[in-house]
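Letters go in sequence order (proteins before strands), and every chain restarts at 1.
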Amino acid sequence: MTRAASAKLGAYAGLAALGLLAALATRRPELVAVAAPFALAAAVGLLALRRPDIAVEVTLERERALEGEEVEVRVRLEARVGAERVEVLLELPRELTVRDGDNPRVLHLADGERRELPFRLDCGRWGAFRVGRVCLRTHDALGLFRHETTVDRRLPLKVYPTEEAVRNLLRPLETQVFAGNHVARQKGEGIEFADLRPFVPGDRVRHVNWRASARRGELWVNEHHAERNADVVIFLDSFAEARRGGGSTLDPALRAAASLAARYLRQKDRVGFVTFGGMLNWLLPSTGAGQLYRIVDAMLDTQIILNYAWKDIDVIPRRTLPPQALVLALTPLLDDRAANALLDLRGRGFDLVVIEVSPLPFVQPPRGDVQELGHRLWRLRRDAVRGRFERAGVAVAIWGDESSLAAALEEVSAYRRHARLVRV
Amino acid sequence: LALALLGGVLAYSATAGDRLPQVVAGVGALGWTIAALALAGRWPSLLPWGLVGVGAGYTVFLGLRSGSVDARAPVVAAALFAAAELAFWSVEPREGPSERAVLVRRLALVAGGALGTALVGALLLVLVAGASGGLALEAIGVLAAVLTLAIVAVLAARARDSTST
């Protein structure tokens, strides 16, 4: 605990000294009456000085929350040696704010007194935080000394991004071998009708198409499309972001990634996750609710780290990108390295979809002719990047302020229905 | 409120005496202005000079006064002490809003301090009025003043030495 004397102590001592000296010089007893209280206050403050001993405990209502939810943090104080005034400050990251009440708070703590201070936190933005660093500053009754200490009782708090509304998911071009919800091109056990063929020994009787058999005079059976799962890799570009105020392009990208991962996992697909940027992070594709938690936890560590190193797709472990996987890239298309890596993936035959998280809402409107010209050039350059993807047969959907993720996905679906797969 | 109290002391010093009231008012007004500046600019280091200035105005008033003891000195002392407490409260670094109990205790402390100051001052003046004077008493007074300052200085030095982290 750090102790510091306030300016008041020196001032009172000085005032007392000057007053008493003036009393002696002028031989006026009234000045002693004026100076004595300052001397007395300083002396009493110094004699009554003691070091506060306050134990701090921090409890968190829950460890996980969604963006926009409230979480209560309770700070328990137990004063073995109290103080006249205790300032209690709960250190919080920028993303968490106290909704009701004040931070710091000032209270009186008598010896042996216990107090519990509730702080209702507003989880404004996703992220993995550690909450519970408490700064205490105590003042004595006369305000001559203050003691300061910081108590670290941090507890983890994970704030998950909220889900984006997604109506229809993108269908992968290729499916895998395990059972799932996608109608595969391959024939097998399923519901969707595929074709008719002559009966061969071993075929089930319930597959016989009696109407076709009666018409052709021999047994014909129905064939069906198999229902398989798919591999989906969510590729998050974290090279650069456009930021304005409290928001950035990374926020909607993460929300979309979390929503898509949850939806694909719900329909038994294997989902992997790659953060490609200044910090490379990946999760091998897997299924189940556990994978969703792993993905979302990995997302919380995502941050934009400035990095000038040239990175290509080779740095990603091979098993992270299984063959025939649908790669869903969420990118603001601000960094050429990410664009080149995605084109490289497309060149290697991956089924790639680019969802462009538009940085335009985060860009300040241009002022003046020069800025206007620069802005136009920048937009033209972005169009050129988009054109590179389209020439490679990659669907690019722009997701900005004016459209929803569902609309962007629908746009991609329409493109994929009509576009031809090309080899690049 | 601190400035009002200091203004009260200044007004009393300037109006109660009949000799050179302009000088008394000038010295006191200078101190009041410094205190006002310190409060407006939240400069705690400047504040004592304002108090010294107002106190100096009162000292000039006392110096120009004839031999009788100023019976209102305890009130002046209480006003100066309360003004100092309130002024230092004003220039403290901003802290969060205090609980009502903390505010009440602090206000009570200022009020109690001012009352105690007035009582101590009155007691001192009564003692002085009762004393017959003389070299011995004057020596005791000087010794008491020096001792008081020495004790304060020693305690302050010890408190500073024991500052630890």
Exercise: identify the closest heavy-atom pair between B:Thr117 and A:Pro37:
CG2-CG, 3.0 Å
Tell me, side chain or backbone of A:Ala23 under 4.5 Å from chain B's heavy atoms, or both, or neither?
neither
Minimum heavy-atom separation for B:Gly121 to A:Ala33, with atom names?
CA-CB, 3.7 Å
Less than 4.5 Å to any heavy atom of chain A: does that hold for the side chain of B:Phe88, its backbone, both, or neither?
side chain
Rounded to the nearest 0.5 Å, how far does CZ of A:Phe38 lie from CD of B:Glu85?
8.5 Å
Answer with side chain, backbone, both or neither: which region of B:Leu80 has an atom nearer than 4.5 Å to a non-hydrogen atom of chain A?
both
Heavy-atom contact with chain A under 4.5 Å, split by part of B:Ala101
neither
Roughly how far apart are A:His139 NE2 and B:Arg106 CZ, rounded to 0.5 Å?
8.0 Å
Carboxylate-amine/guanidinium contact B:Arg72 A:Glu30, below 4.0 Å
no
So, taking the atom named CZ in A:Arg85 and the one named CG in B:Leu103, what distance separates them when rounded to the nearest 0.5 Å?
9.5 Å
Answer yes or no: are there more than 12 heavy-atom neighbours, outside B:Arg100 itself, under 6.0 Å from its atom CZ?
no
Look up atom CD in A:Glu84 and atom CG in B:Leu109, then write down how far apart they are to the nearest 0.5 Å.
6.5 Å
Taking CD in A:Glu57 as the centre, count heavy atoms belonging to other residues, nucleotides or ligands within less than 6.0 Å. Is the count above 12?
no
Chain B contact via A:Ala36 - which portion, at a heavy-atom distance below 4.5 Å:
side chain
What part of A:Leu15 is in contact with chain B, defined as an atom under 4.5 angstrom from a non-hydrogen atom: side chain, backbone, both or neither?
side chain
With a 4.5 Å heavy-atom cut-off (strictly below), which parts of residues 49-60 of chain B touch chain A? List them by number.
B:Leu51, B:Val52, B:Tyr58, B:Thr59
